[in-house]
Amino acid sequence: MVSSECVPFAKTGGLADVTGALPAFLRKARHDARIIIPLYSSVDRDKYNITVAFRQVTIIQGGQIFNCRIHETIADGDVPVYFLDFEPFFARENIYHDNDFNDYHDNPLRFMLLSGAALELCRLLNFRPDVIHVHDWHTAILPAWLKRVFNNDPFFSRSASVLTIHNIAYQGRYAGYYYGFTGLGEEDFTSDKFECFNAINLLKGGIYFADMVNTVSRGYAAETVTPEGGHGLDPFLKARGDEYTGIINGVDYSLWNPETDPLIPANFTPDDLSGKNMCKSVLQKEFGLKQDSSIPLIGIVGRLVEQKGFYILSECIEDILTDSGVQFAILGSGDKQLEAFFGSLPERFPGRVGSFIGYSDELAHLIEAGSDFFLMPSLYEPCGLNQIYSLKYGTLPIVRATGGLNDTVENYNKETGEGTGFRFSEPSCRAIYHTVNLVLDTYYNRKHHINKLIRSAMQQHFSWEDSAAEYIHLYERAIEKRNPNQVNTTVPESE
Ligand code: ADP
Ligand code: GLC
């Protein structure tokens, strides 16, 4: 697996949760899964016992010579993790952008180097992967290299590729000049592969060359083959037919489980929610909210960006606060405008809104555990993990019915009290406002329904075992495609 992020080493969003968990579950199913990510300066080498594996690794790319090092450690689940160490590229303040959220201009080169290093590492380890699994645009060049550069190389000629799209809006579009660094020929700089209005579109090339392509929910797979959801790439995904699928992300319940979570003030189970009340009380205190367990509390955690629907929310949250007694606990970072807006709400609504602008694992867990509800008004959402975590913590998700949110949250039925949360369709202030009203009406007037919803939510289980099994099936299909005349040998014999 080749990724720009991986829990617990480097994370900006759900991609890291996925690449941190999936390899471990593949290993449980007795596949030799390994992962390589960059050695960012934020990676804590001492904490994770990261040591040098290869001191001198020379990678030649785009006519340039890069002298790198590769480090290694073993992560939970016995997963070998490798880190590409090249300081000029990775010893920077953040993973993708500077402190003002400007993307680093050389991002295509940084992540192409990671892709090149992944291949070089395989040779150094004499590890011939049956499948190379790449994630998002950053490493989407690799499937093309396997086909174009290494097709007749005995070491890699059988290695298949799988590309997972975690978010189709991020495509890796850069000036056409960067195509020169790929080492690919002019014949692949065409509008069905890497070219897009004279620029390079790395994700599009990956979609063309990967043996199999998937995204992180069935709903989002269906949305992305339409012009509304495809961000321009729908025709190319459509062209892949049944070689493009959706696999829902699992949850690593060793990290996100209220019964065992070490990051929350008290643990709790579906049968005894007293710990949840204590979490609520601590959350109210930490976020400067009035400490009163009877006041409904809505939590929000996420990247403060347009995708997540926070601009729309910013237009109606004041009305919600004025017209109801609800409290909000907000954690996030991202667009400066949204940071300023949500950061200033506590001053204007003291005791009613608490916000923390920044990144904090502890606070994310506290919000999941201590809130009554969890709001995700996303414009689109490939999978979304926080709503799935919320279910397990008995924190009822309020979500827009899109992509993975729609696939994972069952809407409240006012007649029967069935469901696991609340869904609304329109990406509008009106819809958010009305849905929050319904939520509060249920909270105050149909407590038995809330209790029933909480019970159903906490029973939901999005296991990585199941999703890993689907990935293994996808890998098998990729291998068959790469080696049409050979019997598949990837599944190890049982002991
Ligand atoms: P995305 O990957 O689009 O950001 P997901 O819902 O898949 O959305 O995953 C987001 C992940 O990042 C979750 O694990 C969430 O808890 C975490 N996260 C997002 N923002 C923050 C933050 N400010 N502090 C801590 N964790 C955060
Ligand atoms: C992306 C998506 C998110 C998904 C995550 C992990 O960041 O925005 O919906 O859960 O990837 O696949």
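When a ligand or atom number is given, it counts from 1 through the structure's own listing order.
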S.K.: Give the contacting part of Asn249 toward ligand 2: side chain, backbone, both or neither, where contact means a heavy-atom distance below 4.0 Å.
M.R.: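 Side chain only; the backbone of Asn249 stays clear of ligand 2.
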S.K.: Could you tell me whether Asp407 and Arg218 make a salt bridge, using a distance below 4.0 angstrom between a side-chain N and a carboxylate O?
M.R.: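 Looking at Arg218 together with Asp407, the answer is no, because their closest N to O distance does not fall below 4.0 Å.
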S.K.: Please confirm whether Tyr389 comes under 4.0 Å of ligand 1, counting heavy atoms of the residue only.
M.R.: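 Within the 4.0 Å threshold, so yes.
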S.K.: Which residue owns the protein heavy atom closest to atom 24 (N) of ligand 1, what's the atom, and how far is it?
M.R.: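 Protein heavy atom at minimum distance: Ser360 N, 3.1 Å.
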S.K.: Specify side chain, backbone, both or neither for Lys308, according to which of its non-hydrogen atoms lie closer than 4.0 Å to ligand 1.
M.R.: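 It is the side chain that gets close, since no backbone atom is under 4.0 Å.
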S.K.: So which bit of Cys383 gets within less than 4.0 Å of ligand 1, heavy atoms only: side chain, backbone, both or neither?
M.R.: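 Within the 4.0 Å criterion, Cys383 makes no contact with ligand 1.
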S.K.: For ligand 1, is any non-hydrogen atom under 4.0 Å from Asp17's backbone (N, CA, C, O), its side chain (CB onward), both, or neither?
M.R.: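 It is the side chain that gets close, since no backbone atom is under 4.0 Å.
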S.K.: Just going by heavy-atom distances, which of Gly302, Ala169, Ala16 is nearest to atom 20 (N) of ligand 1?
M.R.: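 The option holding the nearest heavy atom is Gly302.
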S.K.: To which of Gln387, His166, Glu381 does the heavy atom nearest atom 7 (O) of ligand 2 belong?
M.R.: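 The nearest heavy atom belongs to His166.
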S.K.: Is the distance between the ring centroids of Tyr475 and His31 less than 6.0 Å?
M.R.: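 So the answer is no for these two rings.
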S.K.: Could you tell me which atoms of ligand 2, counted from 1 in the order shown, lie closer than 4.0 angstrom to a heavy atom of Val216?
M.R.: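 Once the distances to Val216 are compared, the set is 12 (O).
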S.K.: Any donor-acceptor pair under 3.5 Å linking the side chain of Arg173 with the backbone of Ala199?
M.R.: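 Not confirmed, Arg173 side chain does not pair with Ala199 backbone.
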S.K.: Is the number of heavy atoms from other residues, nucleotides or ligands under 6.0 Å of Arg477 CZ greater than 12?
M.R.: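 Yes, enclosed.
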S.K.: A quick test of your reading: do over 12 heavy atoms of other residues, nucleotides or ligands sit less than 6.0 Å from NE2 of His461?
M.R.: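 More than 12 heavy atoms, drawn from other residues, nucleotides or ligands, come within 6.0 Å of this atom.
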S.K.: Kindly assign one of parallel, tilted or perpendicular to the pair Phe422 and Phe373, based on the angle between their ring planes and the thresholds 30° and 60°.
M.R.: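 Because their plane-to-plane angle is over 60°, the rings of Phe422 and Phe373 count as perpendicular.
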S.K.: Near Asn167, which atoms of ligand 2 are under 4.0 Å from a heavy atom of that residue?
M.R.: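 That gives atoms 8 (O) of ligand 2.
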S.K.: Report the nearest protein non-hydrogen atom to atom 13 (C) of ligand 1: residue, atom name, distance rounded to 0.1 Å.
M.R.: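 Minimum-distance protein heavy atom for atom 13 (C) of ligand 1 reads Asn386 OD1, 3.5 Å.
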S.K.: Could you find the nearest protein heavy atom to atom 5 (P) of ligand 1 and give me its residue, atom name and distance?
M.R.: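 Checked against all protein heavy atoms, atom 5 (P) of ligand 1 sits closest to Leu385 N, 3.6 Å.
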S.K.: Would you confirm whether the ring centroid of Phe462 sits within less than 6.0 angstrom of the ring centroid of Trp256?
M.R.: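 No.
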S.K.: Judged by modelled atom types alone, do Tyr389 and Asp261 share a side-chain donor-acceptor pair under 3.5 Å?
M.R.: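 Checked: Tyr389/Asp261 side chains show no N/O donor-acceptor pair below 3.5 Å.
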S.K.: Return the residue, atom name and 0.1 Å-rounded distance of the protein heavy atom closest to atom 12 (O) of ligand 1.
M.R.: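 Going atom by atom, the protein heavy atom closest to atom 12 (O) of ligand 1 ends up being Lys11 CE, 3.4 Å.
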S.K.: Please classify the Gln387 to ligand 1 contact at 4.0 Å (heavy-atom distances, strictly less than): side chain, backbone, both or neither.
M.R.: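 The answer is neither.
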S.K.: At what distance is the nearest protein heavy atom to atom 8 (O) of ligand 2, and which residue and atom is it?
M.R.: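 Protein heavy atom at minimum distance: Gln307 NE2, 3.2 Å.
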S.K.: State whether a side-chain donor-acceptor pair under 3.5 Å links Glu368 with Thr395.
M.R.: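 Per modelled atom types, Glu368 and Thr395 side chains form no pair under 3.5 Å.
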S.K.: Should Val18 be counted as touching ligand 2, given the test is an N or O pair under 3.5 Å?
M.R.: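 The answer is no, given that Val18 and ligand 2 share no N or O pair closer than 3.5 Å.
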S.K.: For atom 2 (O) of ligand 1, which of the options Gly358, Ser378, Gly14, Gly384 provides the nearest non-hydrogen atom?
M.R.: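 Checking each option, the heavy atom nearest atom 2 (O) of ligand 1 is found in Gly14.
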S.K.: Judged by modelled atom types alone, do Glu93 and Tyr104 share a side-chain donor-acceptor pair under 3.5 Å?
M.R.: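 Side-chain D/A pair, Glu93 to Tyr104: present.
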S.K.: Of all the non-hydrogen atoms in the protein, which one sits nearest to atom 4 (C) of ligand 2, and at what distance?
M.R.: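 The closest heavy atom on the protein side is Gly384 N, 3.7 Å.
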S.K.: Counting non-hydrogen protein atoms only, what is the nearest one to atom 4 (O) of ligand 1? Give residue, atom name and distance.
M.R.: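 The closest one turns out to be Arg303 NE, 2.7 Å.
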S.K.: Would Asp361 count as being in polar contact with ligand 1, using the rule that some N or O on each side must be under 3.5 angstrom apart?
M.R.: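 No, there is no polar N/O contact under 3.5 Å.
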S.K.: Which atoms of ligand 2 are found less than 4.0 Å from any heavy atom of Gly14?
M.R.: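 So the answer, numbered in order with elements, is 5 (C), 6 (C).
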S.K.: Has Ser159 got a side-chain atom pairing as donor or acceptor with Pro129's backbone, closer than 3.5 angstrom?
M.R.: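 Yes: the side chain of Ser159 pairs with the backbone of Pro129.
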S.K.: More than 12 heavy atoms of other residues, nucleotides or ligands under 6.0 Å from CD of Gln307: is that the case?
M.R.: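 For Gln307, atom CD is crowded (more than 12 foreign heavy atoms under 6.0 Å).
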S.K.: Would Phe90 and Phe83 satisfy ring-ring contact (aromatic ring centres under 6.0 Å, His included), going step by step from the backbone distance to the final call?
M.R.: CA-CA 11 Å; Phe90 301 117; Phe83 300 86; over 10 Å; no
